[in-house]
Amino acid sequence: KIECPVCKNIVILNIDELRKEYPIRININVGEELKTLGGYDLGLKIYQEQVEPNLIEGAKHVIIFPDNIKDISISFIQGFKHSLPGLLFEKTCYVYFKDEKIKDKFMKTF
């Protein structure tokens, strides 16, 4: 169940276990040719253009990075988290990377 941020009605979702816990899916689009995410400016841009507009207050989100990403820089993560407090992020977002090591690096930086 999630609360609609506009009308405050409760919305019941009938989806798989991950989607029950994190019903809002945000797919990050960086193109298939990009293998490494690097740079503060790129992290900030992706957050502002692809994540922030899709965040729903009170809901949990799964942020899905494409499978072609093989590495991520600390500066990218810093730019990505610029506008989002770490504790709030941890409570409301699950980050998916095909490679668990990248996910761990991402979450440790928060």
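The closest donor-acceptor contact from the side chain of Ser73 to the backbone of Gly39 lies under 3.5 Å. His61 places no side-chain N or O within donor-acceptor distance of the main-chain N or O of Leu55, the cut-off being under 3.5 Å. At least one donor-acceptor pair closer than 3.5 Å links the side chain of Asn68 to the backbone N or O of Gly31.
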Problem - Asp71 and Lys35: CA distance, side-chain angles, deciding distance, side chain to side chain contact (heavy atoms under 4.5 Å, CB included) verdict - result: CA-CA 7 Å; Asp71 198 9; Lys35 305 293 182 212; over 6 Å; no

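Once rounded to the nearest 0.5 Å, the distance linking CG of Leu37 with NZ of Lys70 reads 12.0 Å. Rounded to the nearest 0.5 angstrom, Tyr47 OH and Ile26 CD1 are separated by 8.5 Å. Summarising the geometry, atom NZ belonging to Lys105 is positioned 11.5 Å from atom CZ belonging to Phe76; distances are rounded to the nearest 0.5 Å. Taken to the nearest 0.5 Å, the NE2 atom of His82 stands 11.0 Å off from the CG atom of Asp41. Summarising the geometry, atom CG belonging to Asn29 is positioned 10.5 Å from atom CG belonging to Leu34; distances are rounded to the nearest 0.5 Å. Atom-to-atom distance recorded for Asp67:CG and Glu32:CD is 10.5 Å, nearest 0.5 angstrom.
For Lys98, the NZ atom sits in a loose shell: 12 or fewer heavy atoms of surrounding residues, nucleotides or ligands are nearer than 6.0 Å. Open room surrounds NZ on Lys101; 12 or fewer heavy atoms of other groups in view lie less than 6.0 Å from it.
Using a 4.5 Å heavy-atom cutoff, the side chains of Ile46 and Ile28 are in contact. Looking at heavy atoms from C-beta onward, Val30 lies in side-chain contact with Pro66 at the 4.5 angstrom threshold.
Between Phe106 and Phe80, the distance separating the two ring centers is shorter than 6.0 angstrom.
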